There are 2 protein chains.
Amino acid sequence: MVTVMPQHTRTGRPRSVAADAAILQATRAALVELGWSKLTMGDVAARAGVAKTTLYRRWTNKNEMVVDAVAVLFDELELPDRGSLLADVEGVVLQFAALLNRPEAKTALMAVVAESTRDDALRERVRSALVDRQKRLVVTGRERAQARGELPYEDDPCETSRTTDLIFDVVAGAVVHRALVSAEPVDEEWARRFTRLLVSGLGSLQDSP
Amino acid sequence: MVTVMPQHTRTGRPRSVAADAAILQATRAALVELGWSKLTMGDVAARAGVAKTTLYRRWTNKNEMVVDAVAVLFDELELPDRGSLLADVEGVVLQFAALLNRPEAKTALMAVVAESTRDDALRERVRSALVDRQKRLVVTGRERAQARGELPYEDDPCETSRTTDLIFDVVAGAVVHRALVSAEPVDEEWARRFTRLLVSGLGSLQDSP
DNA sequence: CCAGTTACGCTACGACGCGTAGCGAAAGGC
DNA sequence: GCCTTTCGCTACGCGTCGTAGCGTAACTGG
């Protein structure tokens with residue numbers, strides 16, 4: 001969904017896939033060293049060993065390029081099966097926290113979201129490259145918990161979808177807010193507290209409609 | 001805590017308080033029309049009817065100025081007593097969502113947080129002007145719930161502090177993530193779902209240590 | 001093999017915002 | 001009245017943006 005077609009438009013010189021990879025890697029390196037605000041297109045081009053014009057042939061601006069550069073980092077997140085819903089959530093929280101500790105991730109994520117509030121195309125790119133892709137973690141975690149009998153099966157797909165969205169925003173939002181806004185460490189103790197709060201909330205929700 | 005001293009440094013021409021107000025108001029207006037990335041110091045100065053140098057006498061850069069400009073918006077948040085913890089939380093969630101719907105708030109908040117990941121002074125300013133100031137909502141909500149008997153009293157002040165921080169990050173984080181990252185509306189239905197999840201989690205936490 | 005098409009590297013350019021310096025004038029305190 | 005600080009104004013060097021134009025490289029179809 002993110003790259004729609006192999007845009008080998010049939011004729012002419014094809015785009016260098018090596019340049020694509022080099023540019024995205026150079027973007028992440030520049031984010032680490034310089035951060036978002038001091039990252040320049042010329043600098044990225046120099047690091048990647050390509051011309052600045054090559055960047056503009058692929059992305060319309062800095063924002064779109066950075067989204068693609070950091071999206072792959074979020075794909076590394078996994079949901080290891082630890083045997084219980086509590087342990088699974090705690091594991092993914094700590095993984096997400098580790099990711100947000102990487103300087104290229106934290107500085108880029110917030111900046112891109114900030115820009116996306118005024119850029120419809122960018123917002124859609126954030127949604128498809130980050131939000132929708134990572135909801136898979138919630139879906140699989142939920143299915144595992146249902147298979148274990150920790151959570152009841154839900155027959156209304158609309159209800160399921162809304163619950164998934166809610167959990168996703170609560171988990172990701174709490175971790176991001178703790179790490180970047182409050183600027184406090186997401187350590188094991190915090191992860192344990194948060195996980196207990198969330199899971200006990202999910203467990204006791206079934207009783208009261 | 002945000003403005004430490006009445007910096008009337010004893011001698012010389014005093015700073016124009018009218019200019020202060022005009023600059024901050026002009027900053028918010030520019031954020032509405034232009035957003036974060038296209039906001040320029042020269043533009044703000046022109047709107048405020050002051051010289052650009054006057055801005056640099058007060059703030060070292062754009063970031064610091066914008067934090068002060070939007071901090072007052074967050075001070076408008078209140079915790080109206082609606083009779084129950086559930087209703088109180090739901091009320092403040094909707095208030096916060098309405099605030100994040102304002103273009104000057106959403107574009108500025110994320111951008112400033114993004115910059116604060118690489119700027120210690122700015123991070124401290126965000127903490128004192130936004131985070132610490134709004135934790136008051138959690139503290140009073142908790143006290144009210146304890147007075148009503150909805151939540152037990154806690155004697156360990158360290159434990160209380162950590163729980164306050166946790167709830168703050170969960171509430172603020174979930175709303176921000178829903179509104180700005182997922183870019184979905186924080187309507188009454190979502191607020192009700194989220195609030196039920198959080199409050200039932202808080203309620204059932206007492207049973208298991 | 002050759003013509004057509006597209007990507008590439010390179011250079012140069014205008015436009016614009018940043019942040020600073022220097023000036024004379026204004027507004028307070030002692 | 002003298003001193004101190006702020007104010008508006010102008011001007012400046014610096015860096016980045018995003019684009020245009022060129023000759024060359026890579027790949028395709030006839």
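Note on naming: letters A, B, ... go to the chains in the order of the sequence lines (proteins, then strands), and numbering restarts at 1 for each one. Computed from a predicted structure; not experimentally measured.
- In this structure, A:Lys38 places its NZ atom 18 Å from P of D:dC14, rounding to the nearest Å.
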Query - Residues A:Arg136, A:Gln134; criterion side-chain hydrogen bond (donor to acceptor under 3.5 Å, both in side chains); working and verdict - result: CA-CA 5 Å; A:Arg136 62 187 168 84; A:Gln134 303 316 322; 2.8 Å; yes

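- What separates CH2 of A:Trp36 from C1' of D:dT16 is a distance of 14 Å, to the nearest Å.
- Ionic pairing of B:Asp88 and B:Arg148 is present here: one or more N-O contacts between side-chain nitrogen and carboxylate oxygen are shorter than 4.0 angstrom.
- The CH2 atom of B:Trp190 lies 11.0 Å from the CD atom of B:Glu90; values are rounded to the nearest 0.5 Å.
- Using a 4.0 Å cut-off between a side-chain N of Lys or Arg and a carboxylate O of Asp or Glu, A:Arg123 and A:Asp120 qualify as a salt bridge.
- Taking the charged nitrogens against the carboxylate oxygens, B:Glu115 and B:Lys62 have no contact shorter than 4.0 Å, which rules out a salt bridge.
- Here C:dC8 is the nucleotide among D:dT28, C:dC8, D:dT4 with the atom lying nearest to any side-chain atom of A:Arg15.
- Under a 3.5 Å cut-off, the side chain of B:Ser128 and the backbone N or O of B:Arg125 do form a donor-acceptor pair.
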Query raised in the report: In the 5'-to-3' direction, what one-character label does each nucleotide of nucleotides 11-25 of chain C receive under the scheme B = base within less than 4.0 Å of a protein heavy atom, S = sugar-phosphate only, - = no such atom?
Result: ------SBBBB----

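- Distances shown here put every side-chain N or O of B:Arg58 at or beyond 4.0 Å from the OP1 or OP2 atom of D:dT5.
- Here D:dG15 presents its P atom at 15 Å from CG of A:Leu34, a figure rounded to the nearest Å.
- Close to D:dG8, at under 4.0 Å from its OP1 or OP2, lies a side-chain N or O of B:Thr54.
- Note on B:Ser16: every side-chain N or O is 4.0 Å or more away from OP1 and OP2 of D:dT6.
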